[in-house]
Amino acid sequence: RRRRAATLDEKEDKIVRYTAGYIIDNRDGDTGDYGAMFAVLKTVGAFTPRPGGKTARFLNMVGSMMKDFPKGRSHVDDLPEKWSAMGRKYGLRSKDAWSL
């Protein structure tokens, strides 16, 4: 499934960011618990940390604190209440994670 998104500057009536890509969902395909880049690494036979293991959790924690870096999970405060149990409680929130 391919998705596209546009960010608009309403004052100037212009698009300021346009992104497109594929949704990486660990429930699709045969990569098991691996999602995003870990699935790509596993597919090509490269080292991949064990899903849920210390290395994977550490890498996801570091990534969640970096600006302009994709997040493996949404912050609990950015999720609807019924899904908040699946969110992370550390790192940047969506509104603070990207520069424009």
Side-chain angles (χ1 to χ4, degrees):
R1 293 172 274 182
R2 187 171 168 90
R3 297 288 184 250
R4 291 181 207 102
T7 304
L8 303 173
D9 179 338
E10 293 181 19
K11 292 179 185 175
E12 295 190 29
D13 198 29
K14 293 181 180 179
I15 295 175
V16 294
R17 174 184 282 167
Y18 181 80
T19 57
Y22 292 90
I23 296 179
I24 307 296
D25 189 335
N26 66 354
R27 295 170 293 183
D28 290 342
D30 61 357
T31 58
D33 289 335
Y34 292 102
M37 195 59 204
F38 292 146
V40 173
L41 293 171
K42 180 182 182 214
T43 301
V44 299
F47 165 78
T48 51
R50 183 176 53 82
K54 289 180 184 178
T55 303
R57 287 194 321 257
F58 175 75
L59 291 172
N60 281 322
M61 181 192 68
V62 169
S64 75
M65 296 179 188
M66 295 174 64
K67 198 160 184 79
D68 298 326
F69 190 83
K71 311 299 178 242
R73 288 183 8 211
S74 294
H75 194 282
V76 66
D77 294 333
D78 294 329
L79 293 169
E81 187 175 335
K82 69 179 183 178
W83 294 325
S84 64
M86 298 186 318
R88 59 182 164 77
K89 297 178 182 171
Y90 52 84
L92 298 172
R93 293 192 53 195
S94 295
K95 66 182 176 111
D96 303 319
W98 299 99
S99 302
L100 287 178

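Counting heavy atoms from C-beta on, the side chains of Trp98 and Lys67 never come closer than 4.5 Å.
In this structure, Asp13 places its CG atom where only 12 or fewer heavy-atom neighbours from other residues, nucleotides or ligands lie under 6.0 Å away.
The cluster map of Ile, Leu, Val, Met, Phe, Trp and Tyr, joined by side-chain heavy atoms under 4.5 Å apart, puts Val76 and Met61 in different clusters. There is no path of hydrophobic side-chain contacts, each under 4.5 Å, that joins Tyr90 to Leu92.
Side-chain atoms of Arg93 do not come within 3.5 Å of backbone N or O of Lys95 as any donor-acceptor pair.
For the side-chain hydrogen bond (donor to acceptor under 3.5 Å, both in side chains) test, no residue two or more places apart in sequence or in another chain qualifies with Asp9.
Nearest heavy atoms, Ala56 versus Pro49: N-CB, 3.7 Å.
Note: Leu79 CG to Ser94 OG = 8.0 Å, rounded to the nearest 0.5 Å. Atom CE of Met65 sits about 8.5 Å away from atom CZ of Arg88, to the nearest 0.5 Å. Distance CZ/Arg73 to CG/Asn60: 7.5 Å, rounded to 0.5 Å. Rounding to the nearest 0.5 angstrom, the gap separating the NE2 atom in His75 from the CG atom in Asp96 is 9.5 Å.
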